[in-house]
Amino acid sequence: MVEMFPLNSADVAYTKISGMLSTLGDPFTRIISPKEYQSFRIGSDGNLQGVGIFINIEPRTGHLVVLSCVKGSPAARAGIHEGDELIEINGERLDGVTSEAAAQKLRGTAGTSVKVKVHSGMESSRDAGIREVNLPREYITLSPISSTIIPHKTPDGHLTKTGYVKLSAFSQSAAIDMANTILDMETQGVHSYILDLRNNPGGLVKAGLDVAQIWLDGDETLVNTIDRDGNMLPINMVDGHAITHDPLVVLVNEGSASASEILAGALHDNGRAILVGHKTFGKGKIQSVTELHDGSALFVTVAKYLSPALHDIDQVGIMPDVQCTTDMLNSPRDSLLKNESSTSSLEGDSCILVAEHELDIQESGGTAS
């Protein structure tokens with residue numbers, strides 16, 4: 001590249017490579033910068049070294065505010081709360097600093113520390129609520145799961161429990177976190193489930209397949225892959241044993257993509273779940289990822305996939321069994337940060353109401369539980 005073109009910066013090189021890749025006609029074959037790849041790795045691995053604080057720019061004031069703290073993290077132990085304003089990091093004022101730049105300052109090697117000045121969102125006076133805390137950096141594990149139990153009254157007047165589980169991304173911990181959540185809900189007497197994949201952009205394909213096996217039995221086909229030569233290969237479970245056979249509804253929308261569509265297709269085509277929501281995004285391609293020497297990464301499409309029933313997903317998407325309007329949607333970041341979803345925040349979500357209705361129909365039809 002250096003010999004062929006007068007490139008004087010990495011950004012120019014990435015632009016030139018992106019131009020080359022664009023001739024392939026595949027938007028998912030691409031190169032990303034080291035910073036973008038680091039963010040991708042954090043999302044996929046579910047791990048980072050930092051203080052467990054998530055921040056964003058408050059649009060009305062332009063200030064950096066705390067969205068959430070990871071439970072048990074250094075930030076949570078220090079009493080930092082949602083709505084607190086970040087003023088300084090290691091003595092450096094944060095006026096005009098982006099949330100990503102501030103996040104980079106907070107991250108660092110486990111065992112080191114960072115000094116943070118915050119203003120409590122509970123205090124009306126700016127000066128009164130300012131304090132400075134020294135936060136140790138530790139290994140932080142991010143769970144892609146948020147959940148709650150929704151009390152539900154059936155048409156015949158019985159009170160039951162519905163387990164609501166939102167999966168925000170397919171990271172390495174997605175399947176084990178999902179399994180632990182379902183096992184815990186089973187001990188609490190849950191009789192039906194709503195799995196929310198709305199606005200889940202995907203992630204690791206293997207994680208999607210592993211999550212599917214939590215809900216399915218036997219040797220069912222989870223997905224079919226087709227390589228560049230047109231050869232189709234089904235990916236099947238081997239002696240699968242579902243954790244629960246309780247009725248299941250899966251919520252999807254136009255933000256459900258890639259591994260979300262693999263999971264939704266696997267559960268739907270194998271007769272395990274009803275799909276509620278809106279047509280999915282339609283990303284039916286699988287990429288291999290190659291990390292380059294400077295920390296950037298090359299994503300190359302190596303195959304496409306079809307659902308178990310051989311429905312083409314790429315640029316088509318999956319149409320749900322029942323459509324609904326979504327009055328309230330949590331962003332992926334919000335749902336990833338919360339350990340539990342508030343039941344009250346779900347009451348106004350029309351898709352939840354439709355899902356509960358569909359669960360009533362399944363249960364009245366004698367679905368195994």
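What's counted below: heavy atoms across the whole structure, side chains too, no hydrogens, waters or symmetry copies.
- Proximity of Phe299 to Thr29: side-chain heavy atoms (C-beta onward) are nowhere separated by under 4.5 Å.
- Closest non-hydrogen pair, Val223 versus Pro308, comes out as N-CG, 4.3 Å.
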Discussion item. Does Leu359 form a side-chain contact (heavy atoms from CB on, under 4.5 Å) with Ile194? I'd like the steps, not just the answer.
Written reply: CA-CA 9 Å; Leu359 289 172; Ile194 297 172; 3.9 Å; yes

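- Using a distance-only test at 3.5 Å, with no hydrogens or angles considered, no donor-acceptor pair links the side chain of Asp84 to the main chain of Val66.
- Atom-to-atom distance recorded for Leu167:CG and Leu263:CG is 7.5 Å, nearest 0.5 angstrom.
- In terms of heavy-atom proximity, Ala75 sits nearest to Cys69 at CB-SG, 3.8 Å.
- Donor-acceptor pairing under 3.5 Å is recorded for the side chains of Ser143 and Asp177.
- Rounded to the nearest 0.5 Å, atoms CD1 (Ile214) and CG (Leu248) are 11.5 Å apart.
- A side-chain donor-acceptor contact under 3.5 Å links His81 to the backbone of Gly79.
- Side-chain polar atoms of Tyr305 and Asn224 form no donor-acceptor pair below 3.5 angstrom.
- In the hydrophobic clustering of this structure, Val65 does not group with Leu135; members are Ile, Leu, Val, Met, Phe, Trp, Tyr whose side-chain heavy atoms approach within less than 4.5 Å, directly or through other members.
- Counting only heavy atoms from C-beta outward, the side chains of Leu195 and Met178 approach each other to under 4.5 Å.
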Please list, one pair per line, the donor and acceptor atoms closer than 3.5 Å that link side chains of residues 280-289 to other protein atoms, with sequence neighbours excluded.
residue : atom : partner : partner atom : Å
Thr280  : OG1  : Glu261  : OE2          : 2.7
Thr280  : OG1  : Ile318  : N            : 2.6
Lys283  : NZ   : Gln287  : OE1          : 2.9
Lys285  : NZ   : Asp314  : OD2          : 2.7
Gln287  : NE2  : Thr301  : OG1          : 3.1

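- Checking side-chain atoms of His268 against main-chain N and O of Ala266 turns up no donor-acceptor pair under 3.5 Å.
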What's the verdict on side-chain contact (heavy atoms from CB on, under 4.5 Å) for His245 and Asp217, showing C-alpha distance, side-chain angles and the deciding distance? CA-CA 9 Å; His245 298 95; Asp217 285 321; 2.4 Å; yes

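- Between Ala169 and Asn200, the shortest heavy-atom distance links the atoms N-ND2, 3.4 Å.
- Taking 4.5 Å as the limit, every side-chain heavy atom of His311 sits out of range of all side-chain heavy atoms of Leu306.
- By the 6.0 Å contact criterion, CG on Asp219 is open, its count of non-hydrogen atoms from other residues, nucleotides or ligands being 12 or less.
- Contact check for Ile130 versus Ile87: side-chain heavy atoms found under the 4.5 Å cut-off.
- Ion pairing of Lys117 with Glu92 is absent here, as no side-chain N (NZ or NE/NH1/NH2) approaches a carboxylate O to less than 4.0 Å.
- With hydrogens and angles ignored, the 3.5 Å screen pairs a side-chain donor or acceptor of Ser18 with a backbone N or O of Tyr14.
- Donor-acceptor pairing under 3.5 Å is recorded for the side chains of Thr221 and Asn236.
- Residue pairs meeting the ring pair (Phe, Tyr, Trp, His ring centres under 6.0 Å) criterion with at least one member in residues 192-230, sequence neighbours excluded: Tyr193-Trp215.
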Under 3.5 Å, which donor-acceptor pairs do the side chains of residues 205-213 form with other protein atoms, sequence neighbours left out?
residue : atom : partner : partner atom : Å
Lys206  : NZ   : Asp210  : OD2          : 2.8

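- Listed by first and then second residue, the salt bridge (charged side-chain N to carboxylate O under 4.0 Å, His left out) pairs that reach into residues 106-116 are Glu100-Arg107, sequence neighbours excluded.
- Of all heavy-atom pairs spanning Glu88 and Gly91, the tightest one is OE1-CA, 3.6 Å.
- Taken from CD1 in Ile17 to CG in Leu298, the straight-line distance is 8.0 Å, to the nearest 0.5 Å.
- Judged by distance alone, with hydrogens and angles left aside, the side-chain atoms of Ser168 form a donor-acceptor pair with the main-chain N or O of Pro144 at under 3.5 Å.
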**OP:** Tell me, with the steps shown, if Gln38 and Gln104 meet side-chain contact (heavy atoms from CB on, under 4.5 Å).
**Re:** CA-CA 10 Å; Gln38 182 185 33; Gln104 291 285 348; 3.1 Å; yes

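- One finds a salt bridge joining Asp349 and Arg198 here, because a Lys/Arg side-chain nitrogen approaches an Asp/Glu carboxylate oxygen to under 4.0 Å.
- Rounded to the nearest 0.5 angstrom, Thr15 OG1 and Ile31 CD1 are separated by 10.0 Å.
- Side-chain atoms of Asp294 do not come within 3.5 Å of backbone N or O of Pro34 as any donor-acceptor pair.
- Every residue meeting the side chain to side chain contact (heavy atoms under 4.5 Å, CB included) condition with Thr112, not counting sequence neighbours, appears here in chain and number order: Thr109, Arg137.
- Between the Ser113 side chain and the Asn134 main chain, no donor and acceptor come within less than 3.5 Å of each other.
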### Query
Hey, mind stepping through Arg77 and Glu138 against salt bridge (Lys or Arg N to Asp or Glu O under 4.0 Å) and telling me if it holds?
CA-CA 12 Å; Arg77 297 197 304 267; Glu138 299 175 358; 2.7 Å; yes

**Item:** Step-by-step side-chain contact (heavy atoms from CB on, under 4.5 Å) determination, Leu64 to Glu85
**Value:** CA-CA 6 Å; Leu64 282 167; Glu85 179 188 340; 5.8 Å; no

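- Here the CD atom belonging to Gln49 is positioned 14.0 Å from the CG atom belonging to Leu106, to the nearest 0.5 angstrom.
- Side-chain atoms of Val250 and Ile274, non-hydrogen and from C-beta on, never get closer than 4.5 Å to each other.
- Contact check for Val118 versus Arg131: side-chain heavy atoms found under the 4.5 Å cut-off.
- The shortest distance between side-chain heavy atoms of Ile149 and Val190 falls below 4.5 Å.
- In terms of heavy atoms, Pro201 sits closest to Asn199 at CD-O, 3.2 Å.
- For the 3.5 Å distance criterion, the side chains of Asp239 and His241 qualify, holding a donor opposite an acceptor.
- Ile235 and Leu216 end up in the same hydrophobic cluster when Ile, Leu, Val, Met, Phe, Trp and Tyr side chains are linked at under 4.5 Å.
- Residues Ala297 and Tyr37 approach most closely at CB-CD1, 3.4 Å, considering heavy atoms.
- A donor atom on one side chain and an acceptor atom on the other are not found under 3.5 Å apart for Asp95 and His63.
- Interatomic distance, Leu222 CG to Ser307 OG, rounded to the nearest 0.5 Å: 11.5 Å.
- Connection of Val165 to Ile176 is not established within any shared hydrophobic cluster, with ILVMFWY side chains joined at heavy-atom distances below 4.5 Å, either directly or through further cluster members.
- A donor atom on one side chain and an acceptor atom on the other are found under 3.5 Å apart for Ser192 and Thr162.
- The side chain to side chain contact (heavy atoms under 4.5 Å, CB included) test applied to Val316 returns no partner, not counting sequence neighbours.
- A distance-only check finds a donor-acceptor pair linking the side chain of Asp26 to the backbone of Phe28 [under 3.5 Å].
- The closest donor-acceptor contact from the side chain of Asp321 to the backbone of Leu275 lies under 3.5 Å.
- Side-chain atoms of Ile140 and Pro74, non-hydrogen and from C-beta on, do get closer than 4.5 Å to each other.
- Note: the hydrophobic cluster containing Val51 also contains Val97 (ILVMFWY, side chain heavy atoms under 4.5 Å, direct or indirect links).
- Using a 4.0 Å cut-off between a side-chain N of Lys or Arg and a carboxylate O of Asp or Glu, Asp312 and Lys304 qualify as a salt bridge.
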